[in-house]
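Only this structure's heavy atoms are used, side chains among them; waters, hydrogens and symmetry mates stay out. Values in this document were obtained by computation on a predicted structure and should not be read as measured data. Throughout, numbering of the chain's residues begins at 1 and tracks the sequence.
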Amino acid sequence: MQALGLINDRTPDTNTNLVVHSLLSALLRASPASLHRLSSSWLKRLKRSILLSRPHSETVAHRKFDVAQCCVCVSAGILQRLLDSRELALEELENFGTDFIQEVITMIDIPKSDDDPTTSDLLLLLATLHTHHNLKPSIPPLIPPILTSLVTSHSLQSLPQVLIFNFNRAADRAERLHYCMLLTTILHDPGLTDFFYTNDLGVLSDIAVRETGNVDSEDEQVHHAYIQLLPAIVKHPMAHLAISSHRVQNVENTLRDICSGAFVKASTRKCAEKALAECRGERVRTPP
């Protein structure tokens, strides 16, 4: 891995990045434990590779899947796994601030051919970065860079629908957790009230209800993320236009079932009770 890093640093062009990062990806698939041995210098290498290979227009993005797009896929995939494997120091996280996130949002939002896999890889990377920023304590609390970037982005073409599509088909733990946290942040932010189309909220409600019942309840972090997403959807300022009383009832019934479950953990029951109170517009009681 050290030799691959040296090669990457000496010739940091798209072709070299693709070869080096493909070899690294193969190594990590063969030996997943190697991920923990990657130095922090790989964070900068992978970021550099993504920015170097980014498309600059819709014309470029609509071309047949090429070396640059393949390089973005491989680099974004490794970077996302690397981020998921460790807690970043504040100075490491600062490398992925608003400027980088804005570039990633732009890359996701450029219309592409249906068989282009770069969108999903970049979206999961974006959601993973948001989780890191969201969970990093700071005094005073910082606005997550993704909110700054989304609020200042106008006329997003693809990102909202791409997010719903990937949230609907999320299968592994990382996807579920990161997409839930990203959606909850977007839905709570008053500057992003019109991020989704009105009908999208109904679709999100159906997906969230379904997956709240499907997710492994033993994984409290993921289960709680789905539970906390439900009131964010139901209480969205535009929800009254898209979410029928039947859908609201489904959300409340899902939360009620968790609250009354015989084998539900105390922390999960408390989370569901709070979410149910929020859905009903009740004041959430806090312990003295």
Go through the side-chain N and O atoms of Ser49 and Arg45 and say whether any donor and acceptor fall under 3.5 Å apart. no
When you measure from the side chain of Arg280 to the backbone of Ala275, do you find a donor-acceptor pair of N or O atoms at a distance under 3.5 Å? no
Is Ser31 reaching over with its side chain to a backbone N or O of Leu27, donor-acceptor style, under 3.5 angstrom? no
Judged by atom type as modelled, is there a donor-acceptor pair below 3.5 Å linking the side chain of His132 to the main-chain atoms of Leu83? yes
Check the side chains of Arg29 and Ser25 for a donor-acceptor pair under 3.5 angstrom, ignoring hydrogens and angles. yes
Side-chain donor-acceptor pair under 3.5 Å between Asn214 and Arg176, yes or no? no
Taking ring-ring contact (aromatic ring centres under 6.0 Å, His included) as the cut-off, I'd like each qualifying pair that reaches into residues 242-279, sequence neighbours left out, listed once. none
Are Glu278 and Lys235 within salt-bridge range, i.e. N to O under 4.0 Å? no
Any donor-acceptor N or O pair under 3.5 Å, side chains His224, Thr268: yes
Donor-acceptor pair, Gln80 side chain versus Ala76 backbone, under 3.5 Å? no
Between Ser217 and His223, does any side-chain donor sit less than 3.5 Å from a side-chain acceptor? no
Charged N to carboxylate O under 4.0 angstrom, Glu273 versus Arg269? no
For Asp109 and Thr106, which I'm curious about, is there any donor-acceptor pair between the side chains at under 3.5 Å? no
Please check if Leu159 and Val104 belong to a single hydrophobic cluster, counting links between Ile, Leu, Val, Met, Phe, Trp and Tyr side chain heavy atoms closer than 4.5 Å. yes
Taking atom CZ of Phe165 as the centre, report whether more than 12 heavy atoms of other residues, nucleotides or ligands fall under 6.0 Å from it. no
In the structure I gave you, are the side-chain heavy atoms of Ile258 and Leu276 within less than 4.5 Å of one another anywhere? no
Is His21 reaching over with its side chain to a backbone N or O of Val72, donor-acceptor style, under 3.5 angstrom? no
Side chain to side chain contact (heavy atoms under 4.5 Å, CB included) evaluation trace for Asp84 with His178: CA-CA 10 Å; Asp84 247 0; His178 299 316; 2.9 Å; yes
Residue pairs passing the side-chain hydrogen bond (donor to acceptor under 3.5 Å, both in side chains) test with at least one member in residues 92-102, sequence neighbours excluded, are Gln102-Ser153
Will you find, in the side chains of Arg247 and Ser244, an N or O donor that is under 3.5 Å from an N or O acceptor? no
Quick one about Gln161 and Asp200 (side-chain donor to acceptor, distance below 3.5 Å, no hydrogens or angles considered), yes or no? yes
